[in-house]
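Model, not experiment: these values are computed from the prediction.
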Number of protein chains: 2
Amino acid sequence: MPGKTPRPTDSELEILQVLWANGPSSVRFVYEQISKQRDVGYTTVLKLMQIMAEKGLAGRDTSRRTHIYRARIAEEETQQNLLRRFMDTTFRGSASKLVLQALGNAKTSPEELDEIKALIQRMEDEQE
Amino acid sequence: MPGKTPRPTDSELEILQVLWANGPSSVRFVYEQISKQRDVGYTTVLKLMQIMAEKGLAGRDTSRRTHIYRARIAEEETQQNLLRRFMDTTFRGSASKLVLQALGNAKTSPEELDEIKALIQRMEDEQE
DNA sequence: AAGTATATACGAAAGTCTTCGTAAATGCAA
DNA sequence: TTGCATTTACGAAGACTTTCGTATATACTT
């Protein structure tokens, strides 16, 4: 029985990104990755990861001295959940408004645009 | 001199949505709109709006007994800021990943898809 | 004028998140 | 073995958010 859909905070998401991108990792490794981007204390990261384990966002192997943490929620599924919520609160549920702003704002490469066009084509085809 | 880009919380965003959609409004009106969607106390909304005025997210006309509040940050600009942050934390900055998930997930109407296709076309044209 | 309804003001409680200091345990090196 | 480095454990402070009870002010109604 899965409880409510988990709502990782920004800090937790920061850690999850490292775990998703690199697989199971030690606290030190995660700490080093995050340190590249901003100042943070080692024990701060440790504490966050411990809490994430308590919450069920992460699991850990404690069989050795250096514990190894792994993400316990899937990347895409989590993104879906967060995206849905974000779309609701910020764009009143309008996917197209969100997409238009996302595309209009960031520089998107031609390849990415093609990818998106292909998806739209597929969606339109399905609708018949 | 604008300070840092404002970061409205979910509750504040909920209120801003009402103000953006309906223009300057009384606390009671905002309270009634939000009440349609979830349970909330009148004084809770009042307090939030007072805090928003302190923070500069909202302005208010206190010339009459019933104060009238208005949004003091623009809708699109705020969406842009929040979107950028969200894209970074949740999608590691990848606009296309976000867009693909947004389209793949929600039901988007043919009209909206056309709109998006048109935008992509425009962007590709500009790139030559 | 008295009483009722509505509005704002104030403050505080409860919950969460982030941060980190300090202590204790564990492994390594000389 | 002794000492040093690394790791986890614990706890607590500080900031922020959300919530609402209570008090006070203002207007309306009869």
Side-chain angles (χ1 to χ4, degrees), chain A residues 3-19 24-35 37-70 73 78 82 85-86 89-90, chain B residues 3-19 24-35 37-70 73 78 82 85-86 89-90:
Chain A
K4 311 225 160 287
T5 68
R7 266 276 251 165
T9 66
D10 280 358
S11 295
E12 289 167 345
L13 218 38
E14 205 178 17
I15 291 169
L16 284 171
Q17 296 290 8
V18 177
L19 297 179
S25 312
S26 67
V27 173
R28 179 147 302 275
F29 179 78
V30 173
Y31 161 71
E32 277 162 2
Q33 299 305 308
I34 294 178
S35 289
Q37 305 198 318
R38 67 180 183 97
D39 253 12
V40 65
Y42 176 83
T43 53
T44 300
V45 177
L46 168 66
K47 179 69 164 184
L48 284 170
M49 291 175 75
Q50 287 171 337
I51 291 173
M52 288 170 72
E54 278 176 22
K55 288 186 183 175
L57 299 178
R60 61 175 173 174
D61 173 0
T62 61
S63 63
R64 284 190 249 179
R65 185 161 105 97
T66 299
H67 297 179
I68 300 298
Y69 288 75
R70 70 178 195 286
I73 57 179
T78 301
L82 294 176
R85 218 185 201 76
F86 178 74
T89 60
T90 305
Chain B
K4 310 222 160 289
T5 68
R7 267 275 251 164
T9 65
D10 280 358
S11 295
E12 289 168 346
L13 217 39
E14 204 178 18
I15 290 168
L16 283 172
Q17 295 292 6
V18 176
L19 297 180
S25 312
S26 67
V27 173
R28 178 148 303 274
F29 178 79
V30 173
Y31 161 72
E32 278 162 1
Q33 300 305 307
I34 294 178
S35 290
Q37 304 199 317
R38 67 180 183 98
D39 254 12
V40 67
Y42 175 84
T43 52
T44 301
V45 176
L46 168 65
K47 180 68 164 185
L48 284 171
M49 291 175 75
Q50 287 171 337
I51 290 172
M52 287 171 71
E54 278 176 22
K55 288 185 182 175
L57 298 179
R60 61 175 174 175
D61 173 0
T62 62
S63 64
R64 283 190 251 179
R65 183 162 104 96
T66 298
H67 298 180
I68 300 298
Y69 288 75
R70 70 178 195 287
I73 57 179
T78 301
L82 294 176
R85 218 184 200 71
F86 179 74
T89 60
T90 305

- [ ] Show your working on side chain to side chain contact (heavy atoms under 4.5 Å, CB included) between B:R28 and B:T66 and close with a plain yes or no.
- [x] CA-CA 9 Å; B:R28 178 148 303 274; B:T66 298; over 6 Å; no
Open item on the list: Going 5' to 3' along DNA chain C, which are the first and last nucleotides with any atom under 4.0 Å from a heavy atom of chain A?
Closed with: C:dC17 to C:dG27
Take the protein atom [atom1] of [X] and the nucleotide atom [atom2] of [N], then report the distance between them rounded to whole Å.
X: B:K55; N: D:dC16; atom1: NZ; atom2: P; answer: 9 Å
X: B:M52; N: D:dC16; atom1: CE; atom2: C1'; answer: 15 Å
X: A:D10; N: D:dC16; atom1: CG; atom2: P; answer: 15 Å

Task: Nucleotide-resolved protein contact map, nucleotides 4-15 of chain D, B/S/- at heavy-atom distance under 4.0 Å - done: --BSBB-BB---
How long is the span from the [atom1] atom in [X] to the [atom2] atom in [Y], to the nearest 0.5 Å?
X: A:S11; Y: A:R38; atom1: OG; atom2: CZ; result: 5.5 Å
X: A:R85; Y: B:T90; atom1: CZ; atom2: OG1; result: 12.5 Å
X: B:L19; Y: B:L13; atom1: CG; atom2: CG; result: 11.0 Å

TODO: List the steps and the verdict of side chain to side chain contact (heavy atoms under 4.5 Å, CB included) for B:L16 and B:M52.
DONE: CA-CA 10 Å; B:L16 283 172; B:M52 287 171 71; 3.7 Å; yes
- [ ] Start with the C-alpha gap between B:V18 and B:E14, add the side-chain angles, then the distance that decides, and say whether side chain to side chain contact (heavy atoms under 4.5 Å, CB included) holds.
- [x] CA-CA 7 Å; B:V18 176; B:E14 204 178 18; over 6 Å; no
TODO: Would you classify B:T9 as touching base, sugar-phosphate or nothing, given that sugar-phosphate means primed atoms plus P, OP1 and OP2, and contacts are heavy atoms under 4.0 Å?
DONE: sugar-phosphate
Open item on the list: What's A:S11 touching, base or sugar-phosphate or nothing? Going by heavy atoms closer than 4.0 Å.
Closed with: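 The residue A:S11 makes sugar-phosphate contact but no base contact.
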TODO: Kindly assign one of parallel, tilted or perpendicular to the pair B:Y42 and B:Y31, based on the angle between their ring planes and the thresholds 30° and 60°.
DONE: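 B:Y42 vs B:Y31 ring planes: perpendicular.
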Open item on the list: Angle between the two end axes of the helix from C:dA1-D:dT30 to C:dA30-D:dT1, five base pairs per end, rounded to 10 degrees?
Closed with: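 That helix has its two terminal axes inclined by roughly 10°.
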Open item on the list: Using OP1 and OP2 only, check whether a side-chain N or O of B:R38 sits under 4.0 Å from D:dT19.
Closed with: yes
TODO: Answer yes or no: is there a donor N or O on one side and an acceptor on the other, between the side chain of B:Q17 and the main chain of A:T89, under 3.5 Å?
DONE: yes
Task: Validation row: A:K55, A:E12 side chains within 4.5 angstrom (heavy atoms) - done: yes
Task: Verdict with reasoning, B:R7 to A:D10, per salt bridge (charged side-chain N to carboxylate O under 4.0 Å, His left out) - done: CA-CA 13 Å; B:R7 267 275 251 164; A:D10 280 358; 3.0 Å; yes
- [ ] Could you please spell out the steps behind the side chain to side chain contact (heavy atoms under 4.5 Å, CB included) verdict for B:I15 and B:L57?
- [x] CA-CA 10 Å; B:I15 290 168; B:L57 298 179; over 6 Å; no
